[in-house]
Amino acid sequence: MLKKIILGAASIAVAGSMYTTTPAFAEDTLYIPSLSYRTGAFAGAGIPISNGYADYFAMLNARDGGIGGAKVVVEECETGYKADKGVECYEATKGNGALVYNPYSTGITLQLIPKAPVDEIPILSMGYGLSAAAIGEKFPWVFNYPASYWSQMSSILKYIDSQGGIKGKKIGFIYLDVGYGKEPIPLLDKLAPEMGFEWVGFPVAGKDMQNQAATWLNVRKERPDWMIAWSFGAMTPTAVKEAAKIRFPMDKFVGNWWSGGHADLEQVGAPGKGYLAANFSGIGTDFPALQDVIKHVVDAGNSKANKEDIGKVNYNRGLFNAVIMAEAIRSAQAKTGKKGINGADMRLGLENFVLDEARLKEIGLEGFTAPVVGSCADHEGAGSIFLQQWNGSDWERVSDLIAPMTEVVRPLLEEAADNYVKEQTDWKTQSCG
Amino acid sequence: MFYREAGQYKTSYEADSAKFPIRQDKWFIWFYLAIAFIAIPYFGGQFFLDAIMIPFLVFALAAVGLNILTGYTGQISLGTGAFMGVGAYACYKMTLAFPDVNIIVFIIASGIFSAIIGAFFGLPSLRIKGFYLVVTTLAAQFFLEWAFIRIPWLYNYNPSGAIEVPQREAFGVIVTGASASSEVRYLVVLSVVVIMTWFASNIISGRIGRSWMMIRDMDIAAELMGVRPLYAKLSAFAVSSFYCGVAGALMVFIWQGAAEVEVFDYNRSFQILFMIILGGLGSLLGCFLGAAVIFIFPIIIHNILPPIWAIITPWTMSSSQADLVAAVMIGVLIVTFLIMEPHGLARLWAIMKQKLRVWPFPY
């Protein structure tokens with residue numbers, strides 16, 4: 001019996017491995033891998049992101065027959081938000097003619113950055129990853145449109161300044177104690193004397209994400225005027241609940257754009273009313289492009305998302321990621337005159353696309369986000385963000401677009417990029433004319 | 001029939017206590033080495049080398065390290081991930097300080113740092129055993145993880161808190177960094193693993209290894225017979241951590257290219273522990289078999305299950321579903337193995353070998 005099972009399993013395995021010889025993609029398809037995390041601790045954010053990402057391309061395929069006549073093939077590979085599985089997915093898919101990678105995890109991004117110039121496949125880490133990658137001269141193959149963490153932090157500080165001044169105030173910074181959370185600290189150090197505020201850090205270790213009672217006791221002791229959160233996954237609802245418990249004024253508590261998804265605050269509900277979060281992609285479905293997604297993909301039964309989840313924060317984030325890539329593909333097609341492009345063409349596209357107000361209106365996303373324009377030197381686009389507020393059951397946009405303090409952030413980014421490149425021998429840079 | 005040692009006479013002590021006393025085993029090992037050193041780098045594609053073989057060898061080396069401690073000396077440890085981290089951070093700091101030195105020298109030398117830290121955290125083992133020791137090694141795990149986060153000097157004040165592997169050469173060939181070819185990196189890992197495993201097998205069959213096994217089997221009896229527990233236990237911790245440290249340095253420098261602290265967390269320790277339990281405690285072969293099952297098996301499931309599923313059923317299976325199936329299958333496999341063959345895959349191999357020796361006339 002056991003022998004039969006083993007033999008059967010082995011023969012299936014052999015048959016399967018024969019079948020999985022690299023699928024040949026036709027010349028005029030655009031192959032885009034999607035490193036998803038539908039499982040694991042961060043699936044709450046990962047699922048809507050992957051859905052939005054896939055649905056936008058599915059909509060373009062259904063409505064326009066692809067981009068510039070070439071069909072888009074999105075292949076998902078599950079990473080579970082783990083760096084080693086992310087690299088495994090990268091190795092498994094890059095041979096299929098991948099145009100661009102969106103790792104959706106800072107850990108995976110850091111591991112892929114050195115590989116990008118060698119394999120000639122660009123990386124678009126949209127609003128995460130290495131802030132210093134914004135310097136296009138030093139990181140030709142890495143992009144973090146529409147804004148880096150440092151730009152975002154400067155925008156949040158500007159918002160606080162606009163709400164009754166920041167001078168002489170005390171800012172509490174609660175962060176996940178990993179690379180992601182620590183990233184904005186140099187900017188806080190730099191801006192604190194310039195803007196005249198004082199800041200205190202409250203690190204939360206990864207295993208204590210859901211156990212922050214002690215941290216918030218410290219917050220109560222320090223009595224900050226404002227709190228800023230760099231949290232992710234289960235850390236966000238826990239932080240908001242604990243803040244509510246110590247009666248911290250919710251409208252003085254600002255999360256970054258990974259700390260403000262629907263999945264995060266729906267678990268908190270009414271006590272989280274007033275909590276603010278940064279965002280760069282519109283909320284809701286009142287955009288023609290999203291209506292098209294619903295019509296061509298969701299109603300046709302080709303989406304993995306439930307209809308009521310369309311238009312939520314992280315779904316729209318994933319969709320916006322797809323929009324940037326689609327625009328870059330169009331730009332690359334126009335530049336090279338080819339239908340099916342490769343990774344190097346895609347890099348050109350990412351440096352040359354123009355997503356201005358007019359173009360946003362044309363693709364049915366007017367007012368969805370701030371304009372983003374690709375460029376050789378500036379790989380973050382210095383995009384503006386807006387703030388959204390939790391009303392107890394849904395997110396509402398509450399601020400205008402807030403531009404980052406480019407004049408402060410840019411020199412810091414350049415310094416960080418120099419430091420990164422200094423450690424690397426034979427690093428490929430580019431000069432922008 | 002094929003595997004019969006009839007007619008192979010041993011005429012000296014050396015021949016009798018040889019590593020592979022049967023002639024067929026000697027042929028096999030040379031055959032396997034030839035495949036590993038020639039055929040795999042020549043025919044294996046980049047995915048096979050980068051995503052399967054290199055990590056497999058790295059984990060096998062870490063499993064050898066843990067097996068020395070847990071399988072041969074009987075001291076259970078959950079600090080493997082952290083000891084791997086010590087090796088990686090030590091190698092990183094050394095190569096930044098002396099960029100022109102052959103990187104392989106530093107990869108090996110990083111094991112020394114790990115050995116010192118490991119021996120230090122092994123001190124409680126002189127007084128406590130079993131579950132209590134597990135807890136103290138877990139404390140080492142948490143303390144070292146904390147240190148990797150909180151001591152910015154270790155990651156060179158990088159704002160993202162990660163270590164990025166610079167490009168380094170050995171013998172004029174690029175070995176680390178993204179420009180290093182898969183074949184070169186594979187051969188470096190393979191050479192280190194083969195040489196270190198060979199060392200390990202010699203240490204284990206020698207005086208030191210026998211004293212470890214005496215401590216494992218009954219420490220009081222061992223002490224009465226003249227084995228000093230201080231030396232035996234601490235040397236086991238040091239050697240084990242040395243192996244883990246080298247594995248950690250290889251993992252970051254040759255395999256991943258960059259690392260955050262999370263890659264050295266306690267999940268890594270458990271992963272390595274599962275490898276030696278499934279592979280077989282107290283067996284070097286088991287380390288390799290266990291690493292193969294725990295690491296390679298899910299990748300195979302992940303990559304071939306969706307296409308098979310598409311052939312045999314009308315539905316499609318997504319990558320994340322395949323991942324979940326792999327996780328479930330690994331769990332079931334561990335439970336099944338612990339019930340049906342508690343001595344692991346190595347024991348299964350030994351049974352198979354015995355069957356082969358007497359085949360086709362088992363009586």
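Just so we're on the same page: letters track the sequence lines, and every chain starts at 1. Atoms considered below: every heavy atom in the structure, side chains included; atoms not considered: hydrogens, waters and symmetry mates.
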Below 4.5 Å from any heavy atom of chain B, which atoms of [X] appear? Answer side chain, backbone, both or neither.
X        : result
A:Leu110 : both
A:Thr39  : side chain
A:Tyr420 : side chain

Looking only at heavy atoms, which two atoms of [X] and [Y] are closest? And how far apart?
X        : Y        : result
B:His302 : A:Glu78  : CE1-O, 3.5 Å
B:Phe47  : A:Glu88  : CE1-O, 3.6 Å
A:Gln111 : B:Ala259 : NE2-CA, 4.2 Å
B:Ser320 : A:Arg38  : OG-CD, 3.3 Å

Does [atom1] belonging to [X] count more than 12 external heavy atoms closer than 6.0 Å?
X        : atom1 : answer
B:Glu183 : CD    : yes
B:Phe98  : CZ    : no
A:Trp427 : CH2   : yes

*Step by step, would you call B:Ile149 with A:Lys182 a side chain to side chain contact (heavy atoms under 4.5 Å, CB included)?*
CA-CA 10 Å; B:Ile149 296 175; A:Lys182 288 191 287 192; 3.6 Å; yes
*Residues B:Arg268, A:Asp84; criterion salt bridge (charged side-chain N to carboxylate O under 4.0 Å, His left out); working and verdict*: CA-CA 11 Å; B:Arg268 186 70 73 207; A:Asp84 43 353; 3.4 Å; yes
Given that the side chain runs from C-beta out, which part of [X] has a heavy atom under 4.5 Å from chain A: side chain, backbone, both or neither?
X        : answer
B:Tyr92  : side chain
B:Gln321 : neither
B:Glu260 : side chain
B:Ile52  : neither

Interface residue of largest heavy-atom contact number with chain A, from [options], under 4.5 Å:
options                                : result
B:Glu262, B:Glu145, B:Arg168, B:Glu164 : B:Glu164
B:Asp265, B:Ile299, B:Val263           : B:Ile299
B:Phe48, B:Tyr266, B:Phe142            : B:Phe142

_Using 0.5 Å steps for rounding, measure from the CG atom of B:Asp323 to the NZ atom of A:Lys82._
7.5 Å
*CG on B:Asp50 to NZ on A:Lys94, rounded to 0.5 Å*: 6.0 Å
*Do A:Asp177 and B:Arg150 meet the salt-bridge criterion of a basic N to acidic O distance under 4.0 Å?*
yes
